Amino acid sequence: MSIAPAEGTAMGVCDVCGNTYDKMIAVTSGGMVGNFDSFECAIQAMAPSCAHCGCRVIGHGVESDGRIFCCAHCAREVGEHALTDRA
């Protein structure tokens, strides 16, 4: 795997901020595909939000009944006492 951009790489436009950049990141997840100029924009567009505190879940998180939480503490705050952190 090479992380160097190919010579003559075309400029791309970030799906989130609209910035034009020559080192775009393509992210595929769950059937969604996005093109971004930074991980920050990719996270903003594709990471789920915690059902309790609203922060972006970029780690393992925990899930119950289709709701995603950033950690077991947030899950307990809304009554999900059986969940534990998976770290």
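Every value quoted in this text rests on a predicted model; they were computed, and no experiment measured them.
Surrounding CD of E77 are more than 12 heavy atoms belonging to other residues, nucleotides or ligands, all under 6.0 Å away.
In this structure, CE in M46 is found 12.5 Å from SG in C41, a value given to the nearest 0.5 Å. In this structure, SG on C71 lies 8.5 Å from NE2 on H52, to the nearest 0.5 angstrom. Remark: I58 CD1 to C70 SG distance equals 10.5 Å, nearest 0.5 Å.
Counting only heavy atoms from C-beta outward, the side chains of V78 and F69 approach each other to under 4.5 Å. A heavy-atom distance below 4.5 Å is found between the side chains of E80 and R67. A 4.5 Å side-chain heavy-atom check between D37 and C17 finds at least one atom pair inside the cut-off.
Applying the salt bridge (charged side-chain N to carboxylate O under 4.0 Å, His left out) criterion to R56, with sequence neighbours excluded, gives no partner residue. With sequence neighbours excluded, the residues that form a side chain to side chain contact (heavy atoms under 4.5 Å, CB included) with I68 are P48, V57, E63. Partners of T84 under the side-chain hydrogen bond (donor to acceptor under 3.5 Å, both in side chains) rule, at least two apart in sequence or in another chain, do not exist in this structure.
Not a single donor-acceptor pair under 3.5 Å links the side chain of S29 to the backbone N or O of M32. A donor-acceptor contact shorter than 3.5 Å links the side chain of D15 to the backbone of N35. A donor-acceptor contact shorter than 3.5 Å is absent between the side chain of D22 and the backbone of M11.
V13 approaches G18 most closely through the heavy-atom pair CG1-O, 3.6 Å. Of all the heavy atoms in M24 and Y21, the pair that sits closest is CG-O, 3.5 Å. Taking both residues in full, the closest heavy atoms of L83 and A75 are given as CD1-CB, 3.6 Å, listed atom of the first, atom of the second, then distance.
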